[in-house]
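First up is the structure itself, then whatever we jot down about it.
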Amino acid sequence: MANIINSSANLDKKTIYFLTRSKNTMKMSECDGQVIEVKAWAIYEDADYQTQELKQVLAILTEDGETLATVSGTFIRDFLDIVDVFGEDLKKIEIMTGKTKNNRTFVTCDYAE
């Protein structure tokens, strides 16, 4: 079972499975410009398949039953900032990408109404 570090309240076993083990999980970076309705979320540790290094993963289960995940530190930080303000009242976020000064693409999010 995944080592869950932080999550929305009261995750049942089915939700934990979808957040941490679903084979249909989409990459957050592939959802640029989408507004998603957050049903549940979790940050958990998972080992990299090649290096076995532990990484933090943020997974979000949407109201549509889709699971999206990222290891992006920027996304995780910005998502937790939104959770700090809205807590369990968080309903929607917008996923967006941008470019760094070095022209590298990054993924982040913002609160959406």
Side-chain angles (χ1 to χ4, degrees):
M1 177 165 273
N3 179 25
I4 296 178
I5 299 168
N6 196 352
S7 69
S8 51
N10 303 320
L11 298 182
D12 59 21
K13 290 178 184 181
K14 181 179 171 182
T15 303
I16 291 170
Y17 174 82
F18 283 119
L19 288 169
T20 63
R21 297 293 180 244
S22 175
K23 306 303 183 252
N24 294 319
T25 301
M26 295 184 296
K27 291 181 179 181
M28 210 74 72
S29 59
E30 295 173 353
C31 300
D32 185 28
Q34 290 186 27
V35 173
I36 61 167
E37 292 184 61
V38 178
K39 180 176 183 177
W41 62 271
I43 297 174
Y44 64 95
E45 288 184 328
D46 198 17
D48 182 281
Y49 287 111
Q50 294 177 344
T51 66
Q52 296 304 307
E53 177 185 349
L54 287 179
K55 293 186 176 187
Q56 287 191 1
V57 179
L58 167 63
I60 297 175
L61 179 64
T62 71
E63 289 291 344
D64 296 334
E66 297 177 320
T67 305
L68 299 95
T70 187
V71 295
S72 165
T74 301
F75 193 102
I76 294 170
R77 180 196 67 225
D78 293 347
F79 181 80
L80 288 176
D81 286 347
I82 296 168
V83 168
D84 281 345
V85 174
F86 292 96
E88 293 300 316
D89 293 330
L90 174 61
K91 302 294 182 223
K92 295 180 184 179
I93 61 167
E94 180 178 1
I95 301 167
M96 55 189 74
T97 59
K99 294 279 187 180
T100 66
K101 293 178 185 178
N102 296 329
N103 207 31
R104 294 186 63 194
T105 302
F106 65 93
V107 62
T108 187
C109 62
D110 201 0
Y111 173 76
E113 292 187 78

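Only heavy atoms go into these numbers, but all of them, side chains included; no hydrogens, no water, no symmetry mates.
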Does [atom1] belonging to [X] count more than 12 external heavy atoms closer than 6.0 Å?
X     : atom1 : result
Asp48 : CG    : yes
Lys14 : NZ    : no
Phe75 : CZ    : yes
Asn10 : CG    : no

Parallel under 30°, tilted from 30 to 60°, perpendicular over 60°: which one fits the rings of Phe86 and Tyr111?
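The rings of Phe86 and Tyr111 lie parallel, inter-plane angle below 30°.
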Do [X] and [Y] belong together in a cluster built from hydrophobic side chains that touch within less than 4.5 Å?
X      : Y     : answer
Val35  : Ile60 : no
Leu58  : Leu80 : yes
Leu68  : Leu90 : yes
Phe106 : Ile93 : no
Ile76  : Leu61 : no

Could you tell me which non-hydrogen atom of [X] sits nearest to which non-hydrogen atom of [Y], and how far apart they are?
X      : Y     : result
Ala112 : Glu94 : CB-N, 3.9 Å
Ile95  : Met28 : CG2-O, 3.5 Å
Ala40  : Ser8  : CA-OG, 3.4 Å
Val107 : Ser72 : O-OG, 3.4 Å

Pairwise distance [atom1]([X]) to [atom2]([Y]) - rounded to 0.5 angstrom:
X     : Y     : atom1 : atom2 : value
Asn24 : Thr67 : CG    : OG1   : 8.0 Å
Asp46 : Gln52 : CG    : CD    : 9.5 Å
Ile43 : Leu19 : CD1   : CG    : 11.0 Å
Thr62 : Ile36 : OG1   : CD1   : 6.5 Å
Arg21 : Ile16 : CZ    : CD1   : 11.0 Å
Thr15 : Trp41 : OG1   : CH2   : 14.0 Å

Does Lys99 reach the side chain of Thr105, with side-chain heavy atoms less than 4.5 Å apart?
yes
Given side chains that start at C-beta, do those of Cys109 and Ile82 come closer than 4.5 Å, heavy atoms only?
yes
Polar contact flag, side-chain donor to acceptor under 3.5 angstrom, Lys27-Thr70
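There is no such pair between these side chains.
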Yes or no on side-chain contact (heavy atoms from CB on, under 4.5 Å) for Asp32 and Met96, after CA distance, side-chain angles and deciding distance?
CA-CA 5 Å; Asp32 185 28; Met96 55 189 74; 4.0 Å; yes
Please answer whether the main-chain N or O of Glu45 pairs with a side-chain N or O of Asn3 as donor and acceptor at a distance below 3.5 Å.
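No, the answer is negative, given that no donor and acceptor are paired below the 3.5 Å cut-off.
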Check whether Glu88 reaches the backbone of Ala9 with its side chain - one donor and one acceptor, N or O, closer than 3.5 Å.
yes
